[in-house]
Amino acid sequence: MAVDLLLGLQWGDEGKGKIVDVLTKDYNIIARFQGGPNAGHTLEFDGIKHVLHTIPSGIFHKDALNIVGNGVVIDPVIFKRELDQLEKFNLDIKNILYISRKAHLILPTHRLLDAASEASKGKAKIGSTLKGIGPTYMDKTGRNGIRVGDLELDNWKDKYRALANKHVAMIDFYAAEIEYDLDELETEFFASLKVLKSLTFIDSEEFIYQAQKDGKTILAEGAQGSLLDIDFGTYPFVTSSNTTAAGACTGLGVAPNQIGEVYGIFKAYTTRVGSGPFPTELFDEDGETMGRVGNEFGATTGRPRRCGWLDLVALKYAVQINGVTQLMMMKGDVLSGFKKLKICTAYKYKGETITHLPYNIEEHNVSPIYTEIGGWQEDLTKMTDASQLPKGLNDYVDFLEKELEVPIKIVSVGPDRTQTIHR
Ligand code: GDP
Ligand code: IMO
Ligand code: MG
């Protein structure tokens, strides 16, 4: 069986958690392949709202197995907190959540290094979630990292101490005003490691290979979005992993010819948290309306999300890089009530009209060129069938399908599991 992928096509927070939860009934295994607790994936069902950071969004389906793959970075402290939050659901965690031995650990000093690095950048800061993501991936590629499987070896604490000492020297080097009590952080870290060690560790690439041979259906859950990809995103205002389709191959050990459907998910408008270019960003009443109606606050940090019109130039690029086979449009309900909607179909870049993402996007050199389209006034949130969708929304979707040359198979009309319309 091929492995299907679900990927965010914008700057994150497209609604991946919700859709993975909706799709899980069709899959035996849900596997995260990159990122870490910088992610915040929200699920809503039965009146409960739940935010997951490291744990895959299939966790609430008792028949699904969830895997945290080798490409993920795990903070045992946040992981324990996530597990504590799940306690009330009485899940059989040891049997429905497996962890790759090759996943890297986020140490307390990685978090401190993230804070020191950001503080030293002043206005040029990335706007990191400060979860230690960048420093952990740096140690991974620098071949200094500590992996989950190391916890099963005798000498890992020596390795830990040497690395933590090096980090402390690096924090001093930044000379940033970071106050911390490492003893306290380490006490919490080592206590949380005990919980992590009580879980099931696997060689996930081998496990997934066998599962495929056994005919199991597998969905890989992306984190962040394509425009935050370390190679193809708006560098340096990106995260530190490959969030795009190729990341699923390296983050799970799945061969490229084993990838099946690539579900690409996007909001009907655009949002971004943190710093960096955002050509269609709005600073007016329309942007304020999107933020208020869409409740656009970061699921991990609580920061208000920047809002703007749909950027089709960026979206086309993401569809291309990922080889998207099916699209899903989220938060259609949030655009109800706008008289006119704008879609960015090209950029004015240094005096020229272009339809690709330029190497160097900066506020002063890129401005969006919009196509205007009529809106819709109807409340979508109670709709359950494609036949109920208003003409204005169908026109919007038709326009996007024509431009993107990929069918939009799901329109989401609210945060709940049930507010999902299949087309
Ligand atoms: P993720 O990181 O891609 O999983 O997305 P987040 O959970 O960070 O952000 C998406 C937010 O939008 C969450 O608060 C969801 O509950 C909410 N959401 C998802 N789909 C819809 C939708 O169709 N309509 C509305 N109004 N909210 C949605
Ligand atoms: P999900 O999976 C939105 C952003 C941060 C910052 C940049 C780098 O919920 O879509 P990092 O902590 O990775 O060093 O931050 O990336 N960012 C996200 N934005 N959703 C996310 O995840 C994000 N994860 C990181 O705001 O701009
Ligand atoms: Mg999120």
Side-chain angles (χ1 to χ4, degrees), residues 6-22 32 34-45 48-54 56-57 72-73 75 106 110-111 113-115 117-118 125-138 221-230 233-241 243 265-278 290-306 328-336 379-381 383 410-421:
L6 182 125
L7 307 166
L9 300 182
Q10 294 161 316
W11 279 286
D13 302 331
E14 296 87 355
K16 298 176 287 292
K18 166 180 165 159
I19 290 298
V20 170
D21 173 56
V22 167
R32 270 280 300 272
Q34 46 70 231
N38 47 350
H41 294 179
T42 314
L43 291 78
E44 282 192 44
F45 56 91
I48 299 169
K49 176 173 167 172
H50 206 91
V51 180
L52 296 164
H53 300 287
T54 326
S57 301
V72 176
V73 291
D75 183 333
I106 302 176
H110 282 132
R111 262 183 280 145
L113 272 172
D114 209 357
S117 163
E118 283 284 79
K125 72 175 182 184
I126 308 294
S128 157
T129 60
L130 302 179
K131 303 295 178 200
I133 304 296
T136 306
Y137 279 113
M138 278 165 73
E221 172 180 357
Q224 289 78 57
S226 301
L227 302 173
L228 290 171
D229 181 278
I230 182 71
T234 45
Y235 193 89
F237 300 101
V238 293
T239 190
S240 298
S241 61
T243 59
I265 168 168
F266 67 99
K267 276 179 192 166
Y269 49 101
T270 311
T271 64
R272 172 163 208 172
V273 231
S275 329
F278 181 176
M290 289 170 191
R292 180 171 38 77
V293 179
N295 193 22
E296 295 295 356
F297 293 93
T300 294
T301 58
R303 291 178 291 178
R305 295 179 184 138
R306 300 154 64 191
M328 296 162 177
M329 188 177 89
M330 310 301 287
K331 297 196 137 182
D333 55 302
V334 176
L335 293 187
S336 290
D379 175 9
L380 311 181
T381 57
M383 296 184 182
I410 285 181
V411 173
S412 175
V413 293
D416 193 86
R417 219 184 236 178
T418 56
Q419 293 171 303
T420 310
I421 296 181

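Each ligand, and each atom within it, is numbered from 1 in the order the structure gives.
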* To do: Evaluate the side chain to side chain contact (heavy atoms under 4.5 Å, CB included) criterion for residues Arg305 and Phe297: first the C-alpha distance (whole Å), next the side-chain angles of each, then the deciding distance (0.1 Å), finally the verdict.
  => CA-CA 5 Å; Arg305 295 179 184 138; Phe297 293 93; 5.8 Å; no
* Just checking, is any N or O donor in the side chain of Gln224 or Thr243 under 3.5 Å from an acceptor N or O on the other one? -> no
* Asked: Can you tell me if Asn38 and Thr239 form a side-chain donor-acceptor pair at under 3.5 Å?
  -> yes
* Any side-chain heavy atom of Asp13 sitting closer than 4.5 Å to one from Val273? -> yes
* To do: Taking the side chain as every heavy atom from C-beta outward, state whether Tyr269 and Glu296 have any atom pair closer than 4.5 Å.
  => yes
Is [X] in polar range of ligand 2, meaning some N or O pair under 3.5 Å apart?
X	result
Lys16	yes
Thr239	yes
Asp13	yes
Glu14	no
Ser275	no
Leu130	no

* Close-range residues for ligand 1, whose non-hydrogen atoms fall below the 4.0 Å threshold -> Asp13, Glu14, Gly15, Lys16, Gly17, Lys18, Gly40, His41, Thr42, Glu44, Ala299, Arg305, Met330, Lys331, Asp333, Val334, Ser412, Val413, Gly414, Pro415
Between [X] (side chain only) and [Y] (backbone N and O only), is there a donor and an acceptor less than 3.5 Å apart?
X	Y	answer
Thr381	Gly414	no
Lys267	Gly332	no
Gln10	Thr271	no
Gln419	Leu380	no
Arg303	Gly127	yes
Ser241	Gln34	no
Ser128	Asp114	no
Tyr137	Gly35	yes

* To do: Would you please determine whether Arg272 falls within less than 4.0 Å of ligand 2 on a heavy-atom basis?
  => no
* Asked: Heavy-atom contact under 4.0 Å between Gln224 and ligand 2?
  -> yes
Look at [atom] and say which protein heavy atom is nearest, naming residue and atom and giving the distance to 0.1 Å.
atom	answer
atom 27 (O) of ligand 2	Val273 O, 3.2 Å
atom 5 (C) of ligand 2	Gly127 O, 3.5 Å
atom 15 (O) of ligand 2	Ser128 CA, 3.4 Å

Out of [options], whose heavy atom sits nearest [atom]?
atom	options	answer
atom 9 (O) of ligand 2	Gly40, Gly132, Gly134	Gly40
atom 17 (N) of ligand 2	Ile133, Leu228, Asn38	Leu228
atom 8 (C) of ligand 2	Val238, Leu52, Thr129	Val238

* Quickly, which of Thr420, Thr42, Leu43 forms a side chain to side chain contact (heavy atoms under 4.5 Å, CB included) with Lys18? Name it, please. => Thr420
* Got a sec, which residues hit side chain to side chain donor-acceptor pair (under 3.5 Å) with Thr234, two or more places apart in sequence or on another chain? -> Trp11, Arg272
* Pairwise distance NE2(His41) to CD1(Ile19) - rounded to 0.5 angstrom -> 12.5 Å
* **Arg303 and ligand 2 - part of the residue with a heavy-atom distance under 4.0 Å** => side chain
* Phe237 contact mode with ligand 2 (heavy-atom cut-off under 4.0 Å) -> neither
* Do NZ/NE/NH1/NH2 and the carboxylate oxygens of Arg111 and Asp75 come within less than 4.0 Å? -> yes
* Going through the checks in order, is the side chain to side chain contact (heavy atoms under 4.5 Å, CB included) test met by Ile265 and Leu9? -> CA-CA 6 Å; Ile265 168 168; Leu9 300 182; 5.8 Å; no
Which atoms from ligand 2 have a heavy atom of [X] less than 4.0 Å away?
X	result
Trp11	3 (C), 19 (N)
Ala223	2 (O)
Ala39	1 (P), 2 (O), 9 (O), 22 (O)

* salt bridge (charged side-chain N to carboxylate O under 4.0 Å, His left out) against Glu44, all qualifying residues, sequence neighbours excluded -> none
* Asked: What's within reach of the Mg ion (ligand 3), meaning protein N/O/S atoms under 2.8 Å?
  -> Asp13 OD1, Gly40 O
